[in-house]
Each structure stands twice: as C-alpha cells, then as structure tokens.
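Comments concern the structure below.
Below, read A as the first sequence line, B as the second, and so on, with proteins coming before strands; counting in each chain starts at 1.
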Amino acid sequence: MNTKHRVLPLVFATLLSSVPAYAHHSFAAEFDGNKPTRLVGKITRVEWTNPHSYFYVDIVDAKGHSQNWGCEGAGPGALSRRGWKKGNLKLGDTIVVDGYRAKDGSHLIDARRVTFPDGRSVYGGSPGDGGPGDNGTDQGALPGTKKS
Amino acid sequence: MTQPLIQHVCQILYDSPIGTAIRESDNAFSVIESVHVLSITLLVGTIAILDLRMLGLILREIRVSRIARAVLPLTWAGFLFMLTSGFLLFWAEAAKNYLNPAFRVKMVLLLLVGLNPLIFHTTVYRRVTQWEIDHRSPWRARAAACASLLLWGGVIVAGRAIAYF
C-alpha cells in the first residue's frame, strides 16, 4: 500500500469534527489536492443525494481510536451511470476510499475512488470539477493509477 | 429540544416522499435546476429591459408603457417557472437550506425585490402617461429601476452562493 495514501489522522485527531458542507461546488472550493488520503472502514451512513452524495465510514487511526469520516461523491445520476446503484453499499460494508481532504481540516474527503467489498472500483468524483486527475470523463484518472 | 416552526416545516418537506424522490433522483434534480436557471434568465432579462429603458440607456424612443406591455407576459411566465422550479429544489433540500446563510440572504432579497414593483406600480407608474415619452424617466422610476437591477443581481449571487456553504 502506498504510504502517501495512508490516513493522516494523528495531526488532526484533536480537531473538532465538523459538519460537512452540504453544497454543490468545484473541487477546489472545498478540498485540498495536496492531501491525498485513503480511508479503510465500515460504512455507517449513506446519503444518496443531489447534488452530491455523502457516505460515512468508521475508521481506526494509528492510535487505535475509532473515527467517523465523511466522504463526498458525485450525485446519484453520475454514480448510477458508472454502475454504482443506490443500495449497492450496505451499512457495515468495508470499503476503501481514496480521495483528498477538506481544506477546513474536518473529517471529510472528496471520494475520487471507492473500492467495494467485491474489489470493484468506481470513480466517485464529479467529471470536470477540476480535482486532481480529473480528465473530464466518468472514469477520471483514478488516484494511484498513474505515477506522478 | 424545541425547534423553530419554520425549521420543523422544512424538515417535514425534506423527509416527504416527493422531496426525497427529487433529492435522490438520477436526473430530475439537474433538470429542475436547469429550468430554474432558464426561467431566471427570462424573468430578470425582461425586467432588465424595462429597467434599462427607464434609466435612459436603451430604446429611448419607445414609450415606457409600450415596452412594459411587451415584456410583462414573458416576465410573468419566467416568474411562474422560476417559482415552481425553485420550490421543487427547496422541497428536496429544505432542511439543509434552512441552515444555509446564503439561502436566508436570498429569501430576504426576494422579499425586498417583490416589494419594489408593488411600490413602483402603485406610485410613479400610475402617472406613466405623463412621463413615458421622456428619454429618461423621473427619479422615482429610475430609483426603482436601480433597486430592481441591484436586488435581482443580489438574488442571483446569493442563490449561486447557496452551494458554497
């Protein structure tokens, strides 16, 4: 596993987790392309909503503490076209989410790639949002798929 | 904990089957958004024609009432579509919108921008036959025109800003 993509929880562990912004916006409005993050955890909540979807995972940080993180993805229409249907993810499923942290330091990442329990990966970003690897398609250049 | 009545109503709308269906839809939400934007262009575009005429910037040779008659049906059409599509979007996101500062600013601006034509039409526009051929309308009409352009601009900016909170 690429260490660059490990969770970066220690520094931020003491920060208050804040409410994710419920909004429609470009990547740069909310996320930091210099903070790639990988979350591995169990799903605790799914919001299959326009204009962006949100799902939440419980992860365990390096100190063994459990933390709940929010992941923001594209809207239902875009995700459905890529083969991710409502109800695909069940509470308690373990998923891997690669993305980038929110600029405000909250426990929120922009989900650029979501790997399901069956190993299938779906591009979770919004095409054309200007985020890292965005190539304007439903696939994007998924994090970790090319050397930078 | 008690919550304000408006917030309670917003939550009921948000949780309702229709609100949820729009919020979780594959396509409906973005279609409604597009209708909302298009109807705003119709509404504010036609209003701006009348405002700019009264400010003496365009169509100076044409009577104000002639322009008003021409644009008003389009303005109303834009208004109805805007209101309907806007309400559907609100229905889908009501509980989130309630807490959104930009949405609150937008609602206040909408109230003000609605008062403006009420005042205008019950005062200076009643005497439109006395000034409608003037290249530049009286100051009360120009003030209403400026208020209209500024407030509608503010509504659009605040509306766009909802997404960033």
Applying the 4.5 Å side-chain criterion to the ILVMFWY set and letting contacts propagate, would B:Leu42 and B:Met82 be lumped into a single cluster?
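No, B:Leu42 does not connect to B:Met82 through the hydrophobic network.
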Got a sec: does the NE2 of B:His121 have more than 12 other heavy atoms crowding it under 6.0 Å?
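Count over threshold, so yes.
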For A:Arg120, does the CZ atom have more than 12 heavy-atom neighbours from other residues, nucleotides or ligands under 6.0 Å away?
yes
Table please: side-chain donor-acceptor pairs of residues 152-159 of chain B below 3.5 Å, with sequence neighbours left out.
none

Which atom names give the shortest non-hydrogen contact between A:Pro51 and B:Glu93, and what distance separates them?
CD-OE2, 3.6 Å
Shortest non-hydrogen contact between B:Ser25 and A:Pro76, atoms and distance:
O-CB, 3.6 Å
Which atoms of B:Thr20 come close to chain A, meaning under 4.5 Å heavy atom to heavy atom: side chain ones, backbone ones, both, or neither?
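Interface part for B:Thr20: neither.
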So, the side chain of A:Asn50 versus the backbone of B:Ser30: is there a donor-acceptor pair under 3.5 Å, distance only?
no
So, taking the atom named CZ in A:Arg81 and the one named CG in B:Asn27, what distance separates them when rounded to the nearest 0.5 Å?
7.0 Å
With clusters built from Ile, Leu, Val, Met, Phe, Trp and Tyr whose side-chain heavy atoms come within less than 4.5 Å, directly or transitively, what are the remaining members of the cluster of B:Leu99, listed by chain and number?
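B:Ile6, B:Tyr98, listed by chain and number.
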